[in-house]
Number of protein chains: 2
Amino acid sequence: MNTFSEENYLKAIFRLSQMPTVSKISTSAIAEALGNNPASVVDMIRKLTDKQLIEYDKKKGVKLTAHGQKDAIQIIRKHRLWEVFLLEKLEYRWDEIHDIAEELEHIKHSDLADRLDKFLGFPEYDPHGDPIPKANGKMAKSFSASLADGKTGGTYRVAAVRDTSSAFLQYLHKLKISIGTQIRLIEQIAFDQSLVISIDNGEPTTVSSKFVENILIS
Amino acid sequence: MNTFSEENYLKAIFRLSQMPTVSKISTSAIAEALGNNPASVVDMIRKLTDKQLIEYDKKKGVKLTAHGQKDAIQIIRKHRLWEVFLLEKLEYRWDEIHDIAEELEHIKHSDLADRLDKFLGFPEYDPHGDPIPKANGKMAKSFSASLADGKTGGTYRVAAVRDTSSAFLQYLHKLKISIGTQIRLIEQIAFDQSLVISIDNGEPTTVSSKFVENILIS
DNA sequence: TAATAAAATTAGGTTTGCCTAATTTTATTA
DNA sequence: TAATAAAATTAGGCAAACCTAATTTTATTA
Ligand SMILES: [Mn+2]
Ligand SMILES: [Mn+2]
Ligand SMILES: [Mn+2]
Ligand SMILES: [Mn+2]
């Protein structure tokens with residue numbers, strides 16, 4: 001069994017491997033992702049290599065082995081299922097669930113994820129729009145198109161969020177944006193790339209380019 | 001916030017303090033309860049004393065402070081609520097839930113216990129018949145009368161179990177005994193104190209004295 | 001009371017997962 | 001290419017939570 005810490009590393013490495021902008025998973029990228037020191041990452045790279053969960057090549061960086069990938073996906077599965085539970089059953093808010101799921105994802109018991117999955121009715125997506133891996137490890141592709149790539153005048157459906165921080169989710173909540181909301185791009189301001197949008201056909205609102213980059217559309 | 005390990009010590013100390021047979025909570029009793037070495041317990045006694053969660057007196061042994069008791073009860077509350085969840089919602093068996101709850105009880109988030117409590121319909125007892133502490137820390141008295149103290153010829157209702165090990169619970173399952181089952185004491189065998197009982201008016205069955213000691217009646 | 005047994009404590013050590021500071025290796029850029 | 005910057009690694013250390021072995025304290029019993 002992997003420790004709490006090993007699991008967080010596997011998950012971070014998996015997440016980095018899914019990012020199209022990241023071509024090589026470096027020591028420093030992992031350190032950055034976890035908020036740890038690069039020296040600590042070197043220690044863990046050694047440990048996970050010994051356990052055959054990753055392969056490390058000075059040139060190519062870190063890569064999950066099949067075994068490591070399988071483990072990472074199971075943690076993500078648990079994380080996302082617990083998020084659905086916390087939102088739907090315990091009625092937590094959108095912005096509260098991630099941190100609690102970050103702890104719950106490490107609970108280990110053979111078929112806990114499967115029972116939870118069944119109890120929740122086999123949900124396809126978590127509350128942030130991320131696909132929930134199936135018991136066999138199969139997982140739908142994540143939404144990757146950003147609202148930032150939308151055309152002025154176009155209307156788009158919010159499918160997922162890229163940033164899952166409380167700050168961002170609380171802001172979305174304030175703007176009444178959630179999964180399924182329709183957003184029309186009215187105008188882009190040349191000065192700073194901020195955007196004027198209409199939320200569910202409401203009054204025009206101005207948001208930053210950083211904001212729209214973190215909204216994913218279907 | 002207390003660590004996982006500190007919480008397990010607090011819980012063990014609380015449990016010992018509830019046992020009428022234990023007059024003084026000694027280093028060795030705690031070590032025994034947790035399966036740790038007495039030397040490790042000495043370390044932790046120091047730590048919990050510094051945090052003002054316990055008081056230690058060479059003569060009187062360990063005692064929880066008001067603060068320590070409050071923390072211990074909240075952990076027990078979470079443990080028992082999660083057990084109800086696992087049994088009723090995830091359909092785990094009686095003998096499977098304790099170990100999973102042992103992990104879940106340490107998940108920390110301000111109102112997780114309260115939301116879970118509400119979701120489960122404010123249950124009074126956990127699946128082993130132990131009372132679930134309320135949000136304010138109030139807790140019904142545990143059942144303490146043992147079937148071993150029953151009179152020959154008498155019929156008693158199973159209210160709780162003293163031992164919560166898988167081995168014991170699986171045996172109960174096999175004998176079709178659960179909370180609410182009626183047991184009649186038919187005869188005590190003088191040789192080894194084993195007992196002949198009738199379960200829900202069924203055929204006579206012989207069980208050991210150790211067995212009946214671990215069944216609590218109302 | 002003296003001998004013995006049990007309990008508690010101390011001393012020193014290990015593993016895990018982190019850190020800082022120094023150094024070495026690899027990339028960038030003038 | 002040489003200088004500089006960035007990334008990776010090494011060396012050494014720390015806190016938490018355990019351990020074993022040795023010693024001291026307290027309790028029991030002959
Ligand atoms: Mn999340
Ligand atoms: Mn985590
Ligand atoms: Mn239990
Ligand atoms: Mn526990």
Enquirer: Between A:D50 (CG) and C:dT16 (P), how many Å, whole number?
Expert: 11 Å
Enquirer: When you get a sec, tell me which of D:dT9, D:dA17, C:dT20 is the closest nucleotide to the side chain of A:V42?
Expert: D:dT9
Enquirer: Nearest whole Å is fine: how far is D:dA8 C1' from A:I30 CD1?
Expert: 12 Å
Enquirer: So what's D:dT1 paired with, Watson-Crick or G-U wobble, going by both distances under 3.5 Å?
Expert: C:dA30
Enquirer: May I ask you to evaluate whether A:S5 reaches the phosphate of C:dC18, defined as a side-chain N or O under 4.0 Å from OP1 or OP2?
Expert: yes
Enquirer: Distance check needed: D:dA17 P versus B:I45 CD1, whole Å only.
Expert: 15 Å
Enquirer: Give me the ring orientation class for A:F85 and B:W82: parallel if the planes are under 30° apart, tilted from 30 to 60°, perpendicular past 60°.
Expert: tilted
Enquirer: Go nucleotide by nucleotide along DNA chain C from the 5' end; which of A:K59 and A:F4 gets its closest nucleotide reached first?
Expert: A:F4
Enquirer: Once you round it to whole Å, what is the distance between C1' of D:dA16 and CD of B:E7?
Expert: 15 Å
Enquirer: Out of C:dT10, C:dA21, D:dA8, which has the shortest distance to the side chain of A:A39?
Expert: C:dA21
Enquirer: Could you please name the option among D:dC18, D:dA8, C:dC19 that lies closest to any side-chain atom of A:T27?
Expert: D:dA8
Enquirer: Should B:K78 and B:E83 count as an ion pair when the cut-off is N to O under 4.0 Å?
Expert: no
Enquirer: More 5' along DNA chain C: A:N37 or A:K58, using each one's nearest nucleotide?
Expert: A:N37
Enquirer: Between P on C:dA7 and CD on B:E32, what's the gap in Å once rounded to a whole number?
Expert: 10 Å
Enquirer: Look at the side chain of B:D43 and the base of D:dC18, then say whether one donor and one acceptor between them are separated by less than 3.5 Å.
Expert: yes
Enquirer: Could you tell me whether the phosphate oxygens of C:dA6, OP1 or OP2, come under 4.0 Å of any side-chain nitrogen or oxygen in B:S28?
Expert: no
Enquirer: Where the side chain of B:N36 is concerned, which of C:dT9, D:dA16, D:dC19 is the nearest nucleotide?
Expert: D:dC19
Enquirer: Would you indicate which nucleotide in C:dT9, D:dA8, C:dC18 comes nearest to any side-chain atom of A:S40?
Expert: C:dC18
Enquirer: Compare side-chain N and O positions of A:Y9 against OP1 and OP2 of C:dT16 and report whether any pair is under 4.0 Å apart.
Expert: no
Enquirer: So if I take every side-chain heavy atom of A:Y56 and compare against C:dC19, D:dT9, D:dA16, which nucleotide ends up nearest?
Expert: D:dT9
Enquirer: After noting the C-alpha distance and the side-chain angles of B:D111 and A:Y92, does the key distance pass the side-chain hydrogen bond (donor to acceptor under 3.5 Å, both in side chains) rule?
Expert: CA-CA 10 Å; B:D111 52 2; A:Y92 272 105; 3.0 Å; yes
Enquirer: Quick one: do B:E105 and B:R80 make a salt bridge, cutoff under 4.0 Å?
Expert: no
Enquirer: Take atom CE of A:M44 and atom P of C:dT15, then tell me their distance rounded to the nearest Å.
Expert: 16 Å
Enquirer: Regarding A:K11 and A:E102, does a basic nitrogen lie under 4.0 Å from an acidic carboxylate oxygen?
Expert: yes
Enquirer: Go nucleotide by nucleotide along DNA chain D from the 5' end; which of B:G35 and B:K24 gets its closest nucleotide reached first?
Expert: B:G35
Enquirer: When the distance from CZ of B:R46 to P of D:dA15 is rounded to whole Å, what number comes out?
Expert: 16 Å
Enquirer: Around atom NZ of A:K118, are there more than 12 heavy atoms of other residues, nucleotides or ligands at under 6.0 Å?
Expert: no
Enquirer: Could you tell me the Watson-Crick or G-U partner of D:dA15, where both distances fall under 3.5 Å? Say none if there is no partner.
Expert: C:dT16
Enquirer: Calculate the interatomic distance between B:K60 atom NZ and C:dA8 atom C1'; express it in whole Å.
Expert: 19 Å
Enquirer: Using both distances under 3.5 Å as the test, list the Watson-Crick or G-U wobble partner of D:dT24, or none.
Expert: C:dA7
